[in-house]
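Below: one structure, written as structure tokens.
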Number of protein chains: 2
Amino acid sequence: MKNEVTAQEIANHPKVKGLRMTRQRTEVYRVLMGHRDHPTAGEVFERAKQNMPSISLATVYNCLEALVQHGAVRQVNFERESSRYCPNLSEHGHFHDETSGKIIDIPLKKGAALSDLLELPKGAQIDNLEITLRGRVLQSKAL
Amino acid sequence: MKNEVTAQEIANHPKVKGLRMTRQRTEVYRVLMGHRDHPTAGEVFERAKQNMPSISLATVYNCLEALVQHGAVRQVNFERESSRYCPNLSEHGHFHDETSGKIIDIPLKKGAALSDLLELPKGAQIDNLEITLRGRVLQSKAL
DNA sequence: AAATAGAATTAGAATTATTCTAATTAATTA
DNA sequence: TAATTAATTAGAATAATTCTAATTCTATTT
């Protein structure tokens with residue numbers, strides 16, 4: 001195993017407390033915590049297979065679903081592309097840079113409230129918020 | 001034809017200026033302008049067939065794509081569900097009410113800027129913004 | 001430690017929204 | 001009106017995801 005982080009450490013992570021951490025779920029969670037990009041299920045599958053060649057794609061989907069349900073991981077959707085998964089649980093949006101193809105987490109400014117921006121319906125209780133931006137980062141010599 | 005709005009009126013709509021308005025595109029656009037809910041391509045197909053039984057689903061997809069490209073219509077995605085289409089071009093988010101299943105347009109407060117809420121990367125040029133909310137509207141006797 | 005029960009994993013089939021293909025038809029231009 | 005170009009169509013193809021049913025784990029109880 002080339003991984004720096006042990007299975008024990010992953011399984012004891014506070015975010016997965018209460019979730020039965022099987023070998024596969026541990027591996028999937030480790031993959032997500034490892035590269036903090038936003039892999040698709042297929043990409044998670046490819047990475048997980050390096051440590052655990054027997055893992056199946058269906059299991060990766062199952063593990064991701066369990067982690068999302070449990071609130072340990074966020075599922076992010078860009079248009080009709082494959083879902084992507086993100087272990088950053090702080091409130092944030094996603095910027096999809098069309099030049100580099102990279103997805104960047106965009107933190108919400110602290111102190112800022114959604115209701116400052118949006119005319120929310122009276123009595124609305126928000127369970128889930130997704131803010132996705134698409135565009136490009138202009139390369140300026142000055143920066 | 002039971003429709004209040006004529007094909008002529010639809011084809012002359014300023015939003016579609018410059019787009020070749022075939023019979024099918026006109027019909028698809030009329031469907032969207034008619035019920036201002038957020039139908040899927042399949043739902044648009046069902047509605048369009050009532051006026052134009054010969055229209056095909058592939059054409060509905062093609063027409064919707066043309067209208068989206070042209071900026072006459074917005075394509076909205078909720079998680080991994082089918083895309084939905086919306087003729088409201090003003091900047092707005094979408095609230096998906098889990099109780100009623102309805103999708104409600106949420107206007108951006110005027111004067112409010114996205115950068116008030118988000119820590120945007122330096123030099124970022126935003127081509128597209130999607131804000132989607134999921135939740136429920138609490139029924140209060142007081143309201 | 002063995003038996004049990006319930007849950008997770010697996011391979012592969014099924015599903016479903018969407019896109020593609022190739023032929024036909026319609027719209028625009030000359 | 002003929003020629004040209006673009007749009008429409010039916011049906012096949014694609015791809016992400018979910019489902020199914022059998023197997024294997026894991027945790028718990030003897």
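Just so it is clear: chains get the letters A, B, ... in the order the sequence lines come, proteins before strands, and each one is counted from 1.
Judged purely by atom type and a 3.5 angstrom limit, His35(B) has no side-chain atom pairing as donor or acceptor with the backbone of Arg47(B). Not a single donor-acceptor pair under 3.5 Å links the side chain of Arg136(A) to the backbone N or O of His96(A).
Taking 4.0 Å as the cutoff to heavy atoms of chain A, we find the contact window on DNA chain D bounded by dA16(D) to dT26(D).
Between Arg30(A) and Glu9(A), none of the side-chain N atoms (NZ, or NE/NH1/NH2) sits under 4.0 Å from a carboxylate O, so this pair counts as no salt bridge.
Inspection of the Gln75(A) and Ser83(A) side chains reveals an N or O donor paired with an N or O acceptor under 3.5 Å. Remark: the Gln8(A) side chain and the Asn12(A) side chain contain an N/O donor-acceptor pair separated by less than 3.5 Å. Donor-acceptor pairing under 3.5 Å is recorded for the side chains of Asp127(B) and Gln125(B).
Between His92(A) and Cys86(A), the shortest heavy-atom contact is NE2-SG, 3.5 Å. Considering every non-hydrogen atom in both Tyr85(B) and Thr40(B), the closest pair reads CD1-C, 4.4 Å.
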Check the interface with nucleotides 13-19 of chain C: list each N/O to N/O pair with the protein under 3.5 Å, or write none.
from	atom 1	to	atom 2	distance (Å)
dT18(C)	OP1	Arg80(A)	NE	3.2
dT18(C)	OP1	Ser83(B)	N	2.8
dT18(C)	OP2	Tyr61(B)	OH	2.4
dT18(C)	O5'	Tyr61(B)	OH	3.3

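Residues passing the side chain to side chain contact (heavy atoms under 4.5 Å, CB included) test with Glu46(A) are Lys49(A), sequence neighbours excluded.
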What's the verdict on salt bridge (Lys or Arg N to Asp or Glu O under 4.0 Å) for Arg134(B) and Glu130(A), showing C-alpha distance, side-chain angles and the deciding distance?
CA-CA 9 Å; Arg134(B) 198 158 42 71; Glu130(A) 276 202 32; over 6 Å; no
Please evaluate residues Leu129(A) and Thr132(B) with respect to the criterion side chain to side chain contact (heavy atoms under 4.5 Å, CB included), reporting the C-alpha separation (whole Å), side-chain torsions for both, the decisive distance (0.1 Å), and the verdict.
CA-CA 6 Å; Leu129(A) 166 64; Thr132(B) 62; over 6 Å; no
Please report, to 0.1 Å, the donor-acceptor pairs under 3.5 Å made by any side chain of residues 105-115 of chain B, with sequence neighbours excluded.
from	atom 1	to	atom 2	distance (Å)
Asp105(B)	OD1	His38(B)	NE2	2.7
Asp105(B)	OD1	His94(B)	NE2	3.2
Asp105(B)	OD2	Asn88(B)	ND2	2.7
Lys109(B)	NZ	Ser115(A)	O	2.8

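Direction change of the helix axis from one end of the helix from dA1(C)-dT30(D) to dA30(C)-dT1(D) to the other is 30°, with five pairs defining each end axis (rounded to 10°).
In the region residues 15-26 of chain A, proximity to DNA chain C at under 4.0 angstrom, judged on heavy atoms, holds for Arg20(A), Thr22(A), Gln24(A), Arg25(A).
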